[in-house]
Enquirer: 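Here you go, one structure.
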Amino acid sequence: MRQTAIPYMQLRGGSSKGIYFQNTDLPADHDVRSAVLKWVVGAYGDPRQIDGLGGADPLTSKIAVVSPSVHAGCDIDFHFIQAMVGEDRLDDSPNCGNILAGVGAFALETGMMSIEGERAEISVFMANSQKKCDLIFELEDGLPVYEGDTKINGVMGTAAPVTCQYHELAGSLCGNLIPTGYICNEFDGVYVSCIDNGMPVVCLRAEDFGIDGTESPDELNKNEKLKKRIEAIRLQAGLAMGLADVSNMAVPKMCLVSKAINGGHISTRTFIPKVCHQAIGVLGAVSVATAALFENSAIHDLAEIPKGNVKTMRIEHPSGFFDVQLELNPNQKEIDILRAGVVRTTRLISSGEVYVPASVWDGQS
Ligand code: NQM
């Protein structure tokens, strides 16, 4: 046998694309599994990922590993893995709210779960953050409905909605909502707010970097001086957030914030962490919206804050906007977010077998 065949499905999850596996179809050994996944994506240093399924972009170099849940009250467990484009490396420190949107569909398509009726409500345990999210979507004959009228930025056309209800996201990776202990920190003479409400993010004021926040990702990606300054702050913020040396990590994400200009509540340009996102990550958006609520944060005065305990905040980004619904605990004086809601869509693109050389994995262990 020269190659080993591994069953997989490829789904668009929100505005990202991922390769989805059942846990039992992959090697149990951690190092062998990592080698296999790098081969699957083509992510062993080639920025074009020519020898794998990845699309040479952080948003298309994503992996989901799904299994029946071993956690009380949850249906499935989801482990997210980011293949680093152009590097011989995977990173499973961050979560991904886009790839998450496809895991319920994957569980039904593979027969891992079955549900009767017209509506699925699947409780997902997110292994990366040890938090829970409920996915709600329409069914037909026990399988997901993909066609529908919901438009999300970063995806052409419309599709059926997947409502994602996140529970208690605070401190997903850093252990605390405000990981440095201060809602405002100073690094390299610039005030920033470090936050982790589902995703560790450093919020920066675009004006402090000599930009107005309306620049395109291409323009920002070409600005080497800007990227150098942002990375220098990221390394310091990572340490202060308790993430240790983040030079090889996909977190924290770096978000340049300015006032909304298209009727939203705030405007963003997010580096994930070294390339500017064409839109904004799901949990990244939740974290930025959360930071804006704090009166002393570095970005509060740039935001319009809706009234009431359920706040729907429209986060503008390079290709449109992203709506985040934050439900605040009415019984707490300080900001305590009970749930965060977002709407995504998903679609099964392909299913079959992906091959890796038998020298990488013989399919046995
Ligand atoms: O923040 C991009 C994406 C993401 C991650 C990133 C995401 C999230 O657009 O939850 O969705 O920040 O690397 O898929």
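Just so you know, ligand 1 is whichever comes first in the structure, and atom 1 is the first atom listed for that ligand. Note that this is a predicted model, so its numbers are computed, not measured.
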Enquirer: Give a yes-or-no answer on whether the side chains of Ser319 and Asn153 include a donor-acceptor pair shorter than 3.5 Å.
Expert: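 Looking only at side-chain atoms, Asn153 and Ser319 do not form any donor-acceptor pair under 3.5 Å.
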Enquirer: Closest non-hydrogen protein atom to atom 3 (C) of ligand 1, residue and atom name please, with distance?
Expert: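 Residue, atom and distance for the closest contact: Asn98 ND2, 3.1 Å.
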Enquirer: Any heavy-atom pair between the side chains of Met112 and Ile76 that's under 4.5 Å?
Expert: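 Touching, per the 4.5 Å side-chain cut-off.
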Enquirer: Tell me, which protein residue and heavy-atom name are nearest atom 4 (C) of ligand 1, and how many Å apart are they?
Expert: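 Ranking protein heavy atoms by distance from atom 4 (C) of ligand 1, first comes Lys62 NZ, 3.2 Å.
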Enquirer: Once the angle between the rings of His71 and Phe125 is folded into 0 to 90°, is it parallel (under 30°), tilted (30 to 60°) or perpendicular (over 60°)?
Expert: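 Taking Phe125 first and then His71, their aromatic rings lie parallel (interplane angle under 30°).
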Enquirer: Judged by modelled atom types alone, do Asn309 and Glu327 share a side-chain donor-acceptor pair under 3.5 Å?
Expert: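 On atom types as modelled, these side chains do not qualify, holding no pair under 3.5 Å.
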Enquirer: If you measure every N/O of Ser16 against every N/O of ligand 1, is any gap under 3.5 Å?
Expert: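 Indeed, backbone or side chain, Ser16 has an N or O that close.
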Enquirer: Which ligand 1 atoms does Gly97 reach within 4.0 Å, using its non-hydrogen atoms?
Expert: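 Once the distances to Gly97 are compared, the set is 7 (C), 8 (C), 10 (O), 11 (O).
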Enquirer: Could you tell me, atom by atom, which parts of ligand 1 come under 4.0 Å of a heavy atom of Ile272?
Expert: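 This gives 6 (C), 12 (O), 13 (O) as the contact atoms.
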Enquirer: Give the atom numbers and elements of ligand 1 that come within less than 4.0 Å of a heavy atom of Met199.
Expert: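 Atoms satisfying the 4.0 Å criterion: 1 (O), 8 (C), 10 (O).
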Enquirer: Using a plain distance cutoff, I'd like to know if Leu59 has any nitrogen or oxygen under 3.5 Å from a nitrogen or oxygen of ligand 1.
Expert: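 Min N/O separation from ligand 1 is not below 3.5 Å for Leu59.
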Enquirer: Starting from atom 13 (O) of ligand 1, what is the nearest protein heavy atom, named by residue and atom, and what distance separates them?
Expert: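 Residue, atom and distance for the closest contact: Lys253 NZ, 2.8 Å.
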Enquirer: Distance under 6.0 Å and angle within 45° of the ring axis: does Arg314 meet both against Phe321?
Expert: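 That pair qualifies as a cation-pi contact.
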Enquirer: In the protein, which heavy atom is nearest to atom 9 (O) of ligand 1, and how far is it?
Expert: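 Nearest protein contact, heavy atoms only, for atom 9 (O) of ligand 1 is His277 NE2, 2.7 Å.
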Enquirer: Say whether Gly284, considering both its backbone and side-chain N or O atoms, lies within less than 3.5 Å of an N or O atom on ligand 1.
Expert: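 The answer is yes, given that Gly284 and ligand 1 share an N or O pair closer than 3.5 Å.
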Enquirer: Do we see a donor-acceptor contact under 3.5 Å between the side chains of Tyr8 and Ser350?
Expert: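 Per modelled atom types, Tyr8 and Ser350 side chains form a pair under 3.5 Å.
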Enquirer: Less than 4.5 Å apart, any side-chain heavy atom of Asn23 and any of Asp25?
Expert: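 Of all side-chain heavy-atom pairs linking Asp25 with Asn23, none is under 4.5 Å.
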Enquirer: Below 3.5 angstrom, do we get any N/O pair linking Leu283 and ligand 1?
Expert: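 Min N/O separation from ligand 1 is below 3.5 Å for Leu283.
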Enquirer: Once you restrict to heavy atoms under 4.0 Å, what part of Cys96 touches ligand 1? Side chain, backbone, both or neither.
Expert: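 It is both parts that get close, each with some atom under 4.0 Å.
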Enquirer: Side chains of Leu100 and Val282, heavy atoms from C-beta outward: is any pair under 4.5 Å?
Expert: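 SC-SC contact between Leu100 and Val282 ruled out.
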